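Here the structure is laid out as structure tokens; the discussion comes afterwards.
Because the structure is a prediction, the values reported are computed rather than measured. Protein chains get the first letters and strands the later ones, always in sequence-line order, with residue 1 at the start of each.
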There are 2 protein chains.
Amino acid sequence: MIAGEEGLAGLTLRQVAARVGMRAPSLYTHFDSKNAIYDAMFAQAWSECLVQYEELWDRLPSDGRESLKAVARSFVDFSVRDLPRHQLMNLRTIPGFEPSPEAYAPAVAVLEKTHQLFLRHGLTDEDLDLYVAVISGLIDAQHANDPGGQRWSRLVHRAIDMLADNFGLP
Amino acid sequence: MIAGEEGLAGLTLRQVAARVGMRAPSLYTHFDSKNAIYDAMFAQAWSECLVQYEELWDRLPSDGRESLKAVARSFVDFSVRDLPRHQLMNLRTIPGFEPSPEAYAPAVAVLEKTHQLFLRHGLTDEDLDLYVAVISGLIDAQHANDPGGQRWSRLVHRAIDMLADNFGLP
DNA sequence: GTCTATAGGAAGATAGAC
DNA sequence: GTCTATCTTCCTATAGAC
């Protein structure tokens, strides 16, 4: 179930239904409310992200700098590929929607895996905070200022080198 | 005219009117449409930002690293102070709204001043892109993950040092 | 210029036939 | 399970009195 292409806030149940070849009321046999649909989309998006992460996890290089590059590259590509999905996953752009604990679980898992990676290479929680901000900043700038292009997404390698230097990684 | 506190997308004309002590229809004597109100708010927000920038501009230190810190600190504080304003200024969170050229002018002016600052210290356009991404990443992370706190906004100094190192600034 | 009243439309959600 | 038809609510915007 993939969302529209011009922002998530304006998505209606009728559009969602049309996208899957149904009428709006039929959605209520599968979900209790519109927010339940958002919840399922949120969970699915982060689950896909987690799956991609776990596939990458096993073939991660031992070098800290290089593994950060691989992880960041993968996450940025995933996030840039689909704007509404990114808005749903990361921004608080829908007025009444708060993801349920179950839907939140895979998002926590992704962050926890990144945390593990940071611990493995002797990095701190504050390092992780800075990493999170830089990566999401690149993604947001890409979406906001050069949609469809790669003016910011191509800076991932440079950004990771910059972070790794700052972290004191070899 | 300041917006609400729980996100901009759900803001209604009745709320806007109530905030200024009026009824919804009375707004139409001042604005042609809801988007015209957004447009005025967009223009005002960026104008305020520009004013703050220009006040800072005259007492900017000659040192590149320190002037970047001052500018970034000022912009981050401004953006963190008001979430709906930040959403209006930077994110594309309102479905049908696109700012008019006149409203966009002060936003361009702010970016242009930053561009001048970068040129003054021998920095490139790509350096500016990276700077923009990092700073807005800090702001967004602050709003999204620690609203009301300063877990990310306090990393501005470290982030600028990291950027300045990467730029080759002394 | 601001108000009350309301038009006109679209949204989320429900009822009940098939 | 999906449909058509409809309810209820809330939105932007307009009309017209004061």
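- Per the geometry, NZ belonging to A:K34 stands 15 Å off P belonging to C:dA10, to the nearest Å.
- Distance CG (A:L27) to P (D:dT2): 9 Å, rounded to an integer number of Å.
- Judged purely by distance below 3.5 Å, without hydrogens or angles, the side chains of A:Y53 and A:T114 pair a donor atom with an acceptor atom.
- Note that CG of A:L117 and CH2 of A:W57 are 5.0 Å apart. Values are rounded to the nearest 0.5 Å.
- Taking the side chain of B:L13 as heavy atoms from C-beta on, and the options D:dT12, C:dT2, C:dC3, the nearest nucleotide is D:dT12.
- Distance CG (A:L11) to C1' (C:dA11): 12 Å, rounded to an integer number of Å.
- Between A:S26 and the phosphate of D:dC3, there is a side-chain N or O to OP1/OP2 separation shorter than 4.0 Å.
- Summarising the geometry, the separation between CD on A:Q15 and C1' on C:dA10 is reported as 11 Å, rounded to the nearest angstrom.
- For the OP1/OP2 pair of C:dA10 and a distance below 4.0 Å, the side-chain nitrogens and oxygens of A:R14 include no atom meeting the criterion.
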Check against side chain to side chain contact (heavy atoms under 4.5 Å, CB included), B:W152 and B:V80: CA-CA 10 Å; B:W152 273 269; B:V80 164; over 6 Å; no

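- As rounded to whole Å, 14 Å separates atom C1' of D:dA13 from atom CE of B:M22.
- Protein atom OH of B:Y28 is 12 Å distant from nucleotide atom P of D:dC11, rounded to whole Å.
- Nearest nucleotide to the side chain of B:T12, out of C:dA11, D:dT12, C:dA13: D:dT12.
- Atom C1' of nucleotide D:dA13 and atom CG of B:N35 are separated by 13 Å, given to the nearest angstrom.
- Under a cutoff of 6.0 Å and an axis angle of 45°, A:R73 and A:F78 do not form a cation-pi pair.
- Proximity note for A:R23 (side chain, C-beta onward) versus D:dT14, D:dT4, C:dG12: the nearest is D:dT4.
- Distance A:F31 CZ to C:dA13 C1': 15 Å, rounded to the nearest Å.
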